[in-house]
Each structure stands twice: as C-alpha cells, then as structure tokens.
Protein chains: 2
Amino acid sequence: MSPRRVTLADVAKAAGVSRTTASLVLSGRGRELRISQDVEQRVLRAADELQYRPNIVSVGLRTGSSRTIGFVSDTVATTRLAGDMIKGALEAARERGFMLFIGETEGDAELERLLLQAMHDRQVDGLILASMFTRTIKVPKAITAGPAVLLNALPKQPTPLPAVLPDEVEAGRRAARVLLDAGHRDGIYLIGAGPGLRNVPSESLAAVERLVGIREALGEAGVKVAGARTCPDWQPEYGLAATQDLLRTVQPRALICFNDRIAMGAYQALDDLGLKVPADVSVVSFDDHPIASWVRPRLTTVALPHYELGRKAVDVLFTEIERDRADTEEVGQVHRVPMPVRSRESVAPSPTADSLD
Amino acid sequence: MSPRRVTLADVAKAAGVSRTTASLVLSGRGRELRISQDVEQRVLRAADELQYRPNIVSVGLRTGSSRTIGFVSDTVATTRLAGDMIKGALEAARERGFMLFIGETEGDAELERLLLQAMHDRQVDGLILASMFTRTIKVPKAITAGPAVLLNALPKQPTPLPAVLPDEVEAGRRAARVLLDAGHRDGIYLIGAGPGLRNVPSESLAAVERLVGIREALGEAGVKVAGARTCPDWQPEYGLAATQDLLRTVQPRALICFNDRIAMGAYQALDDLGLKVPADVSVVSFDDHPIASWVRPRLTTVALPHYELGRKAVDVLFTEIERDRADTEEVGQVHRVPMPVRSRESVAPSPTADSLD
DNA sequence: AGCGGGCGCTAACCCGATTTAGCAACGGAG
DNA sequence: CTCCGTTGCTAAATCGGGTTAGCGCCCGCT
C-alpha cells in the first residue's frame, strides 16, 4: 500500500555509514562526538533526499518520551468557551512539537480512571486535568505518577500539583470598577449571588471569588452593595426570575450579573418592564459568552480567558516536566490568568454622578 | 519517581514462564497454541496481581498500530457545535479502545501538512479530516497513504476517500414540511439564499442542498416560494438587514432562515416592526445552535447532528481500516447523517389554513 | 621500531512487546 | 527398542531508533 517509511537504516545505507553515526549526526550530537564534516554532510543530504522522519513511536519506546501530552476534562471539549481552552493548549503544545490526546470523563470517576490509564499506556509526557467550571476536584491518585497540571480547578485535598485558574477575584474588582468608573455609587445590585459571602452556590469557586472582588473594589470606593438575589443555577431562567423578583421592590441603577446567561435573563426582565439598558439600568457581567456580543445592547462583561488558560496550562506543564528531570522539590503553585474586561454598550454613566472629575 | 511500569517480562518471571508464553496467553492465543490450563492460570494470575498493562508504544512499534486516530480540522474544536463532533468521535473511538489526537489547521495548508506529518510520525491508524462548515476541500495528498475519512466535507478532486456529511437536502425538505404541516401555503419567504439555485453563497454546500430540499418539498405540495433575500454572510446582522429589506415590501406568513444566526437577525427585524412570532410570522431555521433554545419564542430548527457526525466518521474510518487489511477495492462513498427537526414555539398553524384535514 | 594518544567511526545492547521457528519430553505404533 | 508425531513451551529475531563501550588507524614522540 503505502511505500514503507524511510528508516534510519535507509539513511545510513544511503550515506554509507553506520546507523549509529547517522543517529548521532541527526540528533545534533555529531559535533561533540567528532564526526567529520564530510560524513555529516553525506548523512544530512541522504536524510533530506529520502525525506527521512524519525518514527516517534520508536523514539518513545527507547527514550520514554512520546512527545505527547494528555488533556483530560470533565466535559470541556463540548462547549464553545472551553473549546478555546483546548485550542490554546493545542497551539502551545504544537510550538514545542507536542501533540495532544483529548479525553472526556463526563464526571465519571471510572471513565476517568480508564482514560488516565489509556494515556499512561501511551506514555504521555504529562497530563492536564481540566474542569469545565472553575471548582475543586478530587485528584485521582493515578496522575500523581507523572507531571500534571490542574486547569480551571483546585485540588480538594492538598497535592503537589500546580493549578491554572482565571483570576476571578480581580475579575470581580474589575466588574465593580467598570461601574465605579461610570460614576455609579448607588443602586448597584447583584444577580446570581451575594450580598454576603454565605449567599453563594456551593461548589462554585467563581461565585465566591467574584463576590470577594466586587465587595473589595466597592468597599475601597466607599460604596455599598444595595442588594442581591441569588440563583439556584446560573441559567437564563433563574436570572429572569431573580431580576423580576428584585424589580418588584426596587429600581436598580446597575446590575452586576454573575455570568452572561444570568444577564440574558436580566435583560429580559428589564425589557418586560420597559426599562432600557443602559439608559435606565447599566449591566455588567462575567464570562464573555458569545451571546454577549450578539444581544442588543451588547453586553459589557469580564471575559474568561479560555485560550490563555489553555496555553498557560501547557506552559506550566512543561516547566513541570523539566522540573521532574531536575528533581527539584517545589509545592503545587497556583497560577492566575487575568480576565480582561470587554467594554461594550450595556454600561452608561450614572445620571446622578458628580461631573466634577 | 514513579515505580517502574510492570512489563511482560515481570509477569513472565512471576509466573515462571517465558515472555513468549506470557504474551501468547495474554493475547488470547494460548488456546490455539496448546498452552496448558495450569500455565494459563499462572500467567493470568500474575498479570492480575502485578496489574500488568501492555505498553502500547511498544505494541505500536512491533505491530504498526498505535490504537490511535488523528482528528484534524480547520477550526472545528473551537465552536460549541463542532465540539459535539469531537465528542461523538471521542466516544466512538473509546469504545474500541482508541484515543484521539486532535489538531487544528486554521485553514493553513502548511500547518495542515505539518500536523498530518506529526500524526503520521506517531503512526496513527487512521485520519479524520473535518471541516467546520460543510464544504468541499482540497485533499492533501499526504493522507492518501493510510485510511482516512472526510467529515463535513467533500473532496474537491475525486478521491477514493469516503465522506460523512449531514443530510442537508432532507433537512431542507423537513424544514419546508414543518411549515406545510402547519398549513402554510402562501407567503413563505427564504432568508439567506434563494429563491433560485444561483442565489447562493459560493463555497457553501449547505446553502445549495438546503435550498434544493426546500424547493423539492414545497414543489411536491404545489407550493411556491413567495420570495427570498440572500445574505453575504450568514451572521445575525445580515439576517437583520435582509429581513428588514423584505419587510419593506411584503408581509410574510413564514420565514425559512438558512441558519439560526440569520434567524436571530430576522427575530429582531420582526420585533422592531411589532410583528409577533409565531402569531404573525412563523420562523423555521437550521443548525440548532444553542441560542435557538434560549430566545423567546424558542426557535424551531433542523439540527446539525454534530455528535452523530463524529460517531459516524469514526465508524466509517474503522470499516476503512478493516478494508485496508482486507485489501478490498471500493470507491469513496458518501454517508449522509439525518438532521432531526427540533420542534419548538416559533411555528404556528397558518391562519389561512384549511381546517379540513 | 615501539608506544601513547587522539580522532573517527561502529558493534552491540536496550526499550517492551509480537511472532517465527524449533526444541525437549512423552506416548504410541511398528 | 526405535521411530514418529504430539504436546507444551521457549530462544531468538524483529520493529526503529538511542546510547555505551570500544575498535582501528594515523600521528608524533622517543
């Protein structure tokens, strides 16, 4: 069928040298091992002419490195946002000549075990354990064997694994600052969580951290949260219900929605009452879901940097792989990736703002 | 660091037999090769106790099969819809004990070449070449070497490669039938393409095929397309503009939008004029983008079966791999995956419908 | 001439499995 | 008792590279 692959032996024969010599030249160690210029050229030319490419499977068997990393997620590959995470990881890996194995566990521990095993069987050089939502996960002990990184997740039990996460606290601060910069001081309500740190959906790290950031930034400006409504799940229908409930008693100047889906519900609740965004109510949110730039007015939101998260995870994994060789001891560090504000049309200056500055 | 992997040699030693015997037993060929029950049990027990798992890299080197397939796409991993494609492929592959290499070309031919090379270097057993949009692609000659399948794409030049595609013609028929079943006979307009087969964005297979299906189904019912507006790109803003343009001259009873993003624009244009969906105008569309079930009224749409497409591609690839071994000659077949109708609230019975049947 | 040493290259082993060819032991037939 | 055919297992080659140890040769020195 396909003409048999060109092997090192073919190159060696064509160049009239031994396999050893060919190997040395091609791995760049020819210089230090005093291979003559003449032979070096002959080997290089032969390799080029035959279009030789080393068989990575073979190299993998001998050296133990398959130039491959495993990307295991709960269900991350399925969502648009998280697809970017994979894309970032893919590109960062490619730049180093590595490929990615993808696997989804669907939250099934047994599936996860099998998947990790399958990757281990293929001698992956490292693993990225990714989560769809930012949360704490139980780290399967199977992965403590080799280099690994948690992505968008923190270990439930203390482990030496490094983790890569979006900087949600700073994101909360930024969301608040968007409103503060627009002159808002009063009538700022939260939809999805708060106002206190106990009024937060469990399991969701993002909720807590965003809330902390929001309160910090507002607090520093001497501004108080006017009120809040929680949502059992961060879906549009709950955002709608929560906002409707809020609007029954007060008229807010600004809403900080805990994600874009909630904001969709809020938009609808406001629209139903004839309230205009942003003239009557400013809205700021989190995630930068694609829908945020589709709705009118387009939603100002603090973006989850999925692409960068993916890249960063690979970067950290590679330092981990290096470290493994160097045998340096170090604790599992937490890396935070900044979440950028996407300024769009859902925020307007507060009508009550001082025009002093 | 990690306790060295258990190898076949370890199992053999523990069972007190040779590696050959252990291999024979574990590969299930012990029976036909007359290994005694006693030895068989000893080997199996040793393997079990040591938790032996064969090193697939090694098996790959020896047998040429890495139990891995490559999934190369233009940019498919990034979108929500297409993520499902990967998920389908992932699961179908996993059921057979295969893993997936993922790669994105970004439409860059050079990148594609490198990616295919990298996969070839890792001895993938087969390749899936996927496209984000249904379209014709130039098949890189690098892949003709091994088994391969086109996914969501047709080859530009004739090749022996099989292809897996959504059944867009039937989808067009189904969309039309949704309206026909609701009693619509008049005032059916198309947004995105048509009315003639020449009024179609180039490169888009889906446009042509959906249009063909629509015209067939309507034609069979003796119904004519009342008119159409094309869109330079199938994005909400163009859907908005096209629908606004349409509404300047006529009031439609029903719209068939060529995808959900166009339908979003159409929704807005109708809303701007105070027209209610579905009371005044029924809307049916294609793709089943997540947004279709978020908007109110939820959009009736003919779904792209991404998950099934991914599964099917893997299925076809495996028959291709078998075929490769059997050396059977056969042409590149085109497999069509049905597109299901998601009936929601954007279609109402025609007010002019005969109430006879 | 004999010896030491650097230079340039290669033989041989290794990674972890599969697979081919064949060897010892045993039983039954002649 | 010898010969042959099974039965039950194993030695060795193989896949395609990386790596270690070391071999021959030429040179210069004494």
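In what follows, chains carry the letters A, B, and so on, assigned in the order in which the sequence lines appear, proteins first and then strands, with residues in each chain numbered from 1.
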Could you check whether [X] pairs with [Y] (Lys NZ or Arg NE/NH1/NH2 to Asp/Glu carboxylate O, under 4.0 Å)?
{"X": "B/Arg96", "Y": "B/Asp125", "answer": "no"}
{"X": "B/Arg311", "Y": "B/Glu308", "answer": "no"}
{"X": "B/Arg323", "Y": "B/Glu320", "answer": "yes"}

### Task
Scan residues 49-63 of chain A against DNA chain C and write down, sorted by residue number, each residue with any heavy atom closer than 4.0 Å; if none is found, say none.
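Contacts with DNA chain C under 4.0 Å: A/Leu61, A/Arg62.
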
Rounding to an integer number of Å, can you tell me how far [X] [atom1] sits from [N] [atom2]?
{"X": "B/Leu26", "N": "C/dA17", "atom1": "CG", "atom2": "C1'", "result": "11 Å"}
{"X": "A/Arg122", "N": "C/dG16", "atom1": "CZ", "atom2": "P", "result": "17 Å"}
{"X": "A/Asp121", "N": "C/dG16", "atom1": "CG", "atom2": "P", "result": "13 Å"}

### Message
What contact category does A/Ser23 fall into here, base, sugar-phosphate, or nothing, at under 4.0 angstrom with non-hydrogen atoms?
### Response
base

### Task
Could you pull out the closest heavy-atom pair between A/Leu127 and A/Val72, with the gap in Å?
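Shortest heavy-atom separation between A/Leu127 and A/Val72 comes out as CD2-CG2, 4.5 Å.
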
### Taking every non-hydrogen atom, the tightest pair across A/Met99 and B/Ile102
CE-O, 4.0 Å

Report each atom pair, protein N/O against N/O of nucleotides 7-10 of chain C, whose distance is under 3.5 angstrom.
from, atom 1, to, atom 2, distance (Å)
C/dG8, N7, A/Arg34, NH2, 3.0
C/dC9, OP1, A/Ser36, OG, 3.1
C/dC9, OP2, A/Ser36, N, 2.6
C/dC9, OP2, A/Ser36, OG, 3.2
C/dT10, OP2, A/Ser18, N, 3.0
C/dT10, OP2, A/Ser18, OG, 3.1
C/dT10, OP2, A/Thr21, OG1, 2.6

### With B/Phe101 via ring-ring contact (aromatic ring centres under 6.0 Å, His included) - residues at least two apart
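Residues passing ring-ring contact (aromatic ring centres under 6.0 Å, His included) with B/Phe101: A/Phe101.
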
### Query
Which residues satisfy the ring-ring contact (aromatic ring centres under 6.0 Å, His included) test with B/Phe318, sequence neighbours excluded?
B/Phe98

### Task
Measure from the side-chain N and O atoms of A/Arg62 to the backbone N and O of A/Ser58, and report whether any donor-acceptor pair falls under 3.5 Å.
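Absent.
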
### Task
Determine whether A/Leu129 and A/Pro140 make a side-chain contact, defined as any pair of heavy atoms from C-beta on separated by less than 4.5 Å.
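Side chain of A/Leu129 against side chain of A/Pro140, heavy atoms only: contact under 4.5 Å found.
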
### Summary
5'-most to 3'-most nt of DNA chain D touching chain B (<4.0 Å, heavy-atom partner on protein side) reads D/dT7 to D/dG16

### Task
With sequence neighbours excluded, tell me which residues meet side chain to side chain contact (heavy atoms under 4.5 Å, CB included) with B/Arg53.
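Side chain to side chain contact (heavy atoms under 4.5 Å, CB included) check on B/Arg53 returns A/Gln117, A/Asp121, B/Arg5.
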
